[in-house]
Amino acid sequence: MDSLGPNRFDIFEIYRQFCELRRGDTYVCGEEGYRQDEESQRAKYSRDRLNQLLKMVESRMHTRTAIFDELHKLMIQLDLTVDFSEFSCFYDFVFFMCRENGQKNISKLSHANSLDANASISRAVAAWRLVLAGRFRLLDKWCNFVELKAILLQFSFWLKYSCLISGTYFDMGMEIWHYGYGDMALQEYQRHNISEDTWQQVLAFSRCVHENLEGYDPEGAWPVLIDDFVEHMYRFAFYTLHDRKENLMAIF
Amino acid sequence: MTMSERKTIDLEQGWEFMQKGVTKLKNILEGLPEPQFSSEDYMMLYTTIYNMCTQKPPHDYSQQLYDKYRESFEEYITSTVLPSLREKHDEFILRELVKRWANHKVMVRWLSRFFYYLDRYFIARRSLPPLNEVGLTCFRELVYQELNAKVRDAVISLIDQEREGEQIDRALLKNVLDIFVEIGMGQMDYYENDFEAAMLKATAAYYSRKASNWILDDSCPDYMLKAEECLKREKDRVSHYMHSSSEPKLLEKVQHELLAVCATRLLDKEHSGCHALLRDDKVEDLSRMFRLFSKIPRGLEPVSSIFKQHVTAEGTALVKHAEDAASSKKVFVRKVIELHDKYLAYVNDCFQNHTLFHKALKEAFEVFCNKGVAGSPSAELLATFCDNILKKGGNEKLSDEAIEEMLEKVVKLLAYISDKDLFAEFYRKKLARRLLFDKSANDDHERSILTKLKQQCGGQFTSKMEGMVTDLTLARENQTNFEEYLSNNPNVNPGIDLTVTVLTTGFWPSYKSFDLNLPAEMVKCVEVFRDFYQTKTKHRKLTWIYSLGTCNLLGKFEPKTMELIVTTYQASALLLFNSLDRLSYSEIMTQLNLTDDDVIPLPPVDEKKKVIEDVDKDRRYAIDASIVRIMKSRKVLGHQQLVMECVEQLGRMFKPDFKAIKKRIEDLITRDYLERDKENPNVFRYLA
């Protein structure tokens with residue numbers, strides 16, 4: 001498999017291998033008469049291979065930020081407009097390239113005291129802006145929301161933390177608490193990153209929902225982040241289409 | 001005389017003889033002077049018919065006689081009965097009809113006896129209508145058909161008169177209405193179509209008029225009194241002169257007009273409607289309201305919904321009052337219990353234990369019982385209330401029976417609280433304090449409430465609490481054994497009285513344990529106890545929690561000796577001064593091996609917040625466990641169904657919020673317990 005040179009970083013080659021593994025996986029699932037353990041064995045095999053691939057990628061890539069340049073390079077070479085399954089594969093590939101250490105999340109948090117979840121969020125947002133541009137009418141609103149939520153989380157955590165120290169709750173009240181961020185524990189705050197499942201569901205969401213949110217089924221199994229986004233749109237965005245920035249500030 | 005010698009009777013001759021009998025019968029019926037039929041007369045008439053029917057053809061006159069039989073009735077009705085009825089009206093036509101019908105029945109009875117032989121052979125063989133039926137049918141077709149509408153109107157007008165309070169001849173109506181029934185000869189069609197339908201329509205019109213006046217003039221209680229009286233009278237009316245099958249139909253009509261049509265206007269009357277009756281505790285009127293509205297379809301729904309609103313408002317007012325006045329937070333639970341007692345009595349008495357009202361009561365209490373008062377969740381208030389009842393010198397000075405009753409009621413109230421897990425956590429904290437600091441007033445009550453909680457919330461709910469109570473009992477036994485051990489082994493006696501309470505870690509709230517450097521005297525105690533404990537059990541680890549201990553010290557001061565009751569930490573610090581007169585703060589800290597936080601007592605951490613956070617954490621585990629349990633057995637399940645089953649499983653302990661469940665599902669996906677179905681993202685699969 002390791003057809004790459006020892007230190008060369010070739011995004012095309014990585015993508016080719018990624019697609020191969022992914023297709024192999026789907027091939028197993030579609031095969032008739034397969035046995036349960038056989039399937040899980042193959043799934044394990046391809047998971048291991050993906051992890052190997054990821055380790056290799058990490059060992060050869062020097063800066064994380066350069067990844068977007070590489071992805072962009074790849075994207076303009078691929079013809080993603082024709083075949084959705086090709087695009088879907090590329091979309092998953094973007095997630096694959098943005099995560100670290102075989103985690104299922106796009107996350108930068110490595111130790112307990114880190115308060116900086118924003119880095120991982122901004123990376124996910126940058127990835128969305130790259131890959132979903134022109135494909136998701138609400139892309140701009142979605143990305144703004146995800147970033148705003150990260151800021152709010154940080155703020156409310158800071159608030160909680162300072163309250164514990166001072167021993168009093170000052171009434172910051174209003175929307176933040178109302179909005180359900182008030183009781184966010186540190187643990188939960190740290191877990192605020194984009195999971196693979198959320199990443200994939202955002203693609204599904206972008207395909208089925210219209211600009212006016214028609215097509216969103218509140219009974220559906222959308223990730224909470226998407227539910228929150230829709231709620232947020234109804235609460236704030238719809239009546240302030242003219243000056244969204246100003247209104248977002250009003251939340252504080 | 002033998003058969004062969006019998007002379008043939010021709011029709012004309014025979015009928016002439018029969019005609020005489022018929023005329024005599026008519027005269028008797030008309031009351032004209034005429035001797036009664038003798039048995040000889042009767043025998044002659046019967047024999048004539050017999051003879052005329054048993055002659056050889058063509059002289060068998062059966063068919064002709066059958067026709068003549070009918071014609072006799074028709075002739076009598078046309079010539080006599082109808083003229084006398086046609087000229088009469090109102091009550092008089094009714095009387096005449098009753099008389100004519102009675103006469104007609106007599107005539108049928110007699111004539112059919114004369115012609116009886118026809119019934120036996122001719123009619124039976126040809127399956128013709130029998131004589132009795134032919135006779136009655138004549139009356140129906142000629143008299144009844146012509147006059148029933150007129151008669152019916154007369155009857156209805158009399159009923160209306162009676163409704164207005166006039167005296168009427170009920171026996172007469174009974175007789176007339178019997179005709180409507182009898183004329184059907186076993187079928188109710190004539191009664192139902194010709195009388196009952198019109199009567200019901202007239203009744204509806206009558207009560208519709210009444211209702212529209214009363215609803216304007218009368219208060220709700222007065223209106224209901226009238227309605228109940230009307231219903232009673234109508235029932236009475238049916239039993240006196242209508243057919244019993246009319247009762248449900250008639251009452252349904254009256255109920256519809258008097259209650260169903262104007263239910264909303266009646267119940268919502270501003271100063272006397274259902275709200276006002278509840279406000280003013282008009283128990284009797286409310287009972288009447290229940291009786292009346294239970295009879296109309298879906299009639300109780302608006303009543304129960306007003307009841308629910310009322311109880312919710314009263315309860316919410318209690319919450320508000322408790323929030324406004326700080327002191328009333330203490331009595332809040334007591335007030336809620338009183339409120340529940342009061343309205344449970346309403347449900348049982350006024351509303352006859354009806355499920356709809358039990359449901360309304362439950363829903364109302366669920367609304368305000370879950371609100372909490374001024375930052376304190378109801379779960380906490382309830383636990384505090386129990387604590388006050390159960391602890392020594394609590395606020396409640398009550399007899400044993402009263403305490404039992406009160407505990408029963410608190411537990412009942414708990415059913416309305418969705419955060420039962422939060423209650424359990426607060427309750428356990430307070431129970432621990434009662435047990436460890438010897439504050440519990442009565443062991444029986446402690447056990448009794450646990451039994452009640454167990455019954456209502458299940459064994460898992462109380463297992464830790466029961467373990468705590470049992471621990472204390474065992475600890476007392478253990479202490480006795482320890483004292484015995486010391487008296488049997490005087491050489492190990494440390495010379496200090498020592499009481500140790502051994503607890504099972506899992507049952508109790510977690511307490512901090514520090515590696516305090518104990519004074520030598522106490523170290524001896526600990527060692528002696530450890531030795532004793534190891535004689536009884538092996539492989540058990542004892543963790544000493546000095547922070548919960550107390551010591552009685554004798555301070556030999558200059559003026560006099562004083563007994564000091566202090567914590568173990570304080571005692572350890574004081575005992576340092578046995579060997580030295582002066583010690584610095586940092587020396588004390590080092591010698592005791594404590595930190596600043598332990599030496600200088602901080603204001604107590606907000607325990608409430610900690611309890612809530614702990615419960616919140618436990619809930620995350622509970623939701624995770626529930627989802628995994630469900631998915632393990634179902635393997636593949638839709639999102640909605642998974643959420644529903646999860647809510648159902650956890651409902652006994654708390655009401656999980658949908659968002660929380662969703663978050664846990666996402667987390668389980670990340671941790672590879674679940675995956676989304678590849679075809680349908682709304683379906684999850686369990687990954688073994």
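Naming convention: chains lettered A, B, ... in sequence-line order (proteins, then strands); numbering from 1 in each chain.
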- Does CZ in A:Arg207 sit with more than 12 non-hydrogen atoms of other residues, nucleotides or ligands closer than 6.0 Å? no
- Query: Is any side-chain N of the basic residue among B:Lys659 and A:Asp227 closer than 4.0 Å to the acidic one's carboxylate O?
  - Reply: no
- Nearest 0.5 Å, what's the CD-CG distance between B:Gln640 and A:Asp217? 7.5 Å
- Query: Crowded around A:Phe90 CZ? As in, over 12 foreign heavy atoms under 6.0 Å?
  - Reply: yes
- Region of B:Phe658 in contact with chain A, defined by heavy-atom distances below 4.5 Å: neither
- Message: Please classify the contact between A:Gln200 and chain B as side chain, backbone, both or neither, with a heavy-atom cut-off of under 4.5 Å.
- Response: neither
- Query: For B:Asp614, which residues count as a salt bridge (Lys or Arg N to Asp or Glu O under 4.0 Å) partner, sequence neighbours excluded?
  - Reply: B:Lys610
- Query: About how many Å separate CD of B:Glu666 and CD of A:Gln201, when rounded to the nearest 0.5 Å?
  - Reply: 9.0 Å
- Message: Take a 6.0 Å sphere around NZ of B:Lys320 and say whether it holds more than 12 heavy atoms from other residues, nucleotides or ligands.
- Response: no
- If you draw a 6.0 Å radius around CD in B:Glu675, do more than 12 non-hydrogen atoms from other residues or ligands fall strictly inside? yes
- Query: With sequence neighbours excluded, what pairs up with B:Arg629 under the side chain to side chain contact (heavy atoms under 4.5 Å, CB included) test?
  - Reply: B:Ala625, B:Ser626, B:Gln649
- Most chain B-contacting option - heavy-atom pairs closer than 4.5 Å, from A:Ala204, A:Gly220, A:Ala221: A:Ala221
- Task: Mind checking the CG-CG spacing from A:Asp197 to B:Leu674? Nearest 0.5 Å is all I need.
- Result: 10.0 Å
